[in-house]
Number of protein chains: 2
Amino acid sequence: MTNIDKASHPDSALFSELPSADLASRIADQVLQAIGDGRLIPGQKVAEAQLAREMGTSRAPVREALRLLESQGLIVSHPRRGFFVHSYDADELDDIYDLRECLELHAAEAAVARITDADVDRLAAQVELLKRLAQDGQMQEQVTQDYEFHRMLCALGDNMRVVRLFDQIATQLRAGIALLGRNYDDPWEIAQSHDVLIDALRQKDAARLRSELKEHLEEARFQVVALFRNDNG
Amino acid sequence: MTNIDKASHPDSALFSELPSADLASRIADQVLQAIGDGRLIPGQKVAEAQLAREMGTSRAPVREALRLLESQGLIVSHPRRGFFVHSYDADELDDIYDLRECLELHAAEAAVARITDADVDRLAAQVELLKRLAQDGQMQEQVTQDYEFHRMLCALGDNMRVVRLFDQIATQLRAGIALLGRNYDDPWEIAQSHDVLIDALRQKDAARLRSELKEHLEEARFQVVALFRNDNG
DNA sequence: CATTTGTGAACTGTCGACAATCTTCACGTC
DNA sequence: GACGTGAAGATTGTCGACAGTTCACAAATG
């Protein structure tokens, strides 16, 4: 899990960026990771002073990191009371999926109008990667690469703002789903379910892509929200 | 222009919120207003030390305010070089409109399925307000209330996250359009063009609402982007 | 004259400190 | 036993300060 705000997707530059010397960004990464692997659980308070002590810095960069995460929706702050890990309920997760669907369908529609064969090949290769990971039982990595596939698709829509939103949403979904602690479906089936999307893209069939993608997304949405409702509500 | 992050749109609460005692929020409001009325122009540097001096505070709350505006997309920061007013180009404005269209159409579709007659009446009343303002020549206020109409529509879609995004987008569009310094169309026609939307809503005709709303939004998009391309490109 | 180098001013990132506020928890009252 | 009161401790919002970096501009070089 890399830096949130920038360059998690290098564009093949001559030199790679130096590791962000920025304290706040590194702190944000750490907190993000802590949320991801459950060291920080939703609703829990995140005290700046304590975090600063643990990290050996002053409170200023910690504050900035938390504010950054707040703007990403992972942390909420109550004035004069501090920061807390945002706890999603099932309804909110449903809202997030709703938004994601809206954005991704829109991006996909734009993508299909301008996509090249090379683009489709790249996406197909990514699906093959998903299948390999499913066979090898690397669930965590498969989830990561699954999001990457959908991000690639969004990126082909050629609206950077939509892509950034997708990134945010993906982070929030991962944070929310991390709570479940288990997969919601058979990894191999998940990997395979991308094939129809590749097909529709190759044929540049916008209508079919839309309906298949919608089904694809609603499948995950339905399962995750249902699981979440059982666990937490 | 009120506080960015919260409750600039009270949903008929019992008491209005106390003026945010938070320094950072008030500073953010000031900067926002300065961008809105052209005292800060796109690309211009915003030095935190200088701002702090002018406002008589320390740099800490100024920093927070600028970071907040950064997360809203109005300010960009280059590490170790400072904050700058984000300058939109025509392509980016087009992207923003694209996103807005995507969100608003989605929200409208959800809204039409659950809207009540009372809701439609409220929207219709808002349109009447627009017409009054157009007749009185209160352009600035008309623009504000026009966004409010579309916000109400989004809110009926019942996805708070979408509404928050709409607010952000509206702020960015207003900041971008402020540069033009002139209206892009006849105020009366703009006000009137909302009538067909009310009609479609009253009949709960989702398909018609979608196509009318799309046309409504693309009209503004087309004109603004074209003007912008002439001026700045 | 164009380009590079050097210098000082201004600025950002980070720090530690203080006052105001919030939370906790024991205590007393009904 | 439930509930309001108040003091102690911890935490936030804000502040001023310092070091390292960047910017603007003058001097030097080809």
Side-chain angles (χ1 to χ4, degrees), chain A residues 3-7 15 17-32 34 39-71 74-87, chain B residues 3-7 17-32 34-35 39-71 74-87:
Chain A
N3 208 323
I4 285 188
D5 45 354
K6 44 152 54 174
F15 294 96
E17 266 177 46
L18 272 50
S20 167
D22 198 350
L23 257 187
S25 302
R26 282 186 286 167
I27 295 174
D29 276 353
Q30 290 235 12
V31 175
L32 186 58
R39 276 176 1 250
L40 286 175
I41 62 178
Q44 184 174 348
K45 164 151 195 166
V46 185
E48 332 173 341
Q50 188 185 339
L51 243 181
R53 273 195 303 275
E54 290 179 17
M55 302 221 182
T57 74
S58 75
R59 281 171 45 215
V62 172
R63 247 178 116 71
E64 255 181 62
L66 292 176
R67 281 261 133 83
L68 177 62
L69 293 173
E70 182 187 15
S71 78
L74 293 164
I75 295 279
V76 290
S77 79
H78 302 265
R80 295 239 158 242
R81 300 195 28 210
F83 296 88
F84 302 81
V85 180
H86 185 188
S87 75
Chain B
N3 210 324
I4 284 188
D5 47 353
K6 43 150 62 170
E17 264 177 48
L18 273 52
S20 169
D22 198 350
L23 254 187
S25 303
R26 281 184 287 167
I27 295 174
D29 276 354
Q30 292 233 11
V31 175
L32 186 58
I35 294 177
R39 286 187 339 259
L40 286 175
I41 63 178
Q44 183 174 348
K45 165 149 193 173
V46 185
E48 43 179 80
Q50 188 184 339
L51 243 181
R53 273 195 302 275
E54 290 179 17
M55 302 219 184
T57 73
S58 77
R59 281 171 45 218
V62 172
R63 242 177 122 68
E64 262 184 50
L66 292 175
R67 281 263 132 86
L68 177 62
L69 293 173
E70 182 186 16
S71 77
L74 292 163
I75 295 279
V76 291
S77 79
H78 303 267
R80 293 232 155 249
R81 301 192 32 211
F83 296 88
F84 302 80
V85 180
H86 185 193
S87 75

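Every chain is numbered from 1, with letters handed out A, B, ... down the list of sequences.
Qualifying side-chain contact (heavy atoms from CB on, under 4.5 Å) partners for B:Ala60, counting only residues two or more places apart in sequence or in other chains: B:Ser58. With sequence neighbours left out, B:Arg80 forms a side-chain contact (heavy atoms from CB on, under 4.5 Å) with no residue at all.
Here the side chains of B:Gln30 and B:Ile27 are not in contact, with every heavy-atom distance at 4.5 Å or above. Between B:Val85 and B:Ile41, the closest side-chain pair of non-hydrogen atoms is not below 4.5 Å.
What you find for A:Ala24 and A:Ala65 is that their closest heavy atoms are O-CB, 3.3 Å. For the pair B:Gly43 and B:Phe84, the tightest heavy-atom approach, listed with the atom from each and the gap, is O-CD2, 3.6 Å.
Between A:Glu70 and A:Arg67 a salt bridge is recorded (basic side-chain N to carboxylate O distance below 4.0 Å).
Distance CZ (B:Arg67) to C1' (D:dG13): 18 Å, rounded to an integer number of Å. Distance, B:Leu68 CG to D:dG13 P: 14 Å, rounded to whole Å.
Distance check, rounded to the nearest 0.5 Å: CG of A:Leu74 to CG of A:Leu66 gives 11.0 Å. Between the CG atom of B:Leu69 and the NE2 atom of B:His86 there is a distance of 13.0 Å, given to the nearest 0.5 Å.
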Which pairs, protein N/O on one side and nucleotides 19-23 of chain D N/O on the other, fall under 3.5 Å?
residue	atom	partner	partner atom	Å
D:dC23	OP1	B:Arg81	NE	2.5
D:dC23	OP1	B:Arg81	NH2	3.3

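Contacts with DNA chain D (heavy atom under 4.0 Å) in residues 48-60 of chain B: B:Thr57, B:Ser58, B:Arg59, B:Ala60, listed by number.
If you walk DNA chain C from 5' to 3' and mark each nucleotide with an atom closer than 4.0 Å to a heavy atom of chain A, the marks span C:dT14 to C:dT23.
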Distance-only donor-acceptor pairs under 3.5 Å for side chains of residues 48-55 of chain A, two or more places apart:
residue	atom	partner	partner atom	Å
A:Glu48	OE1	A:Arg59	NE	2.9
A:Glu48	OE1	A:Arg59	NH2	3.1
A:Glu48	OE2	A:Arg63	NH1	2.5
A:Gln50	NE2	A:Glu54	OE2	3.3

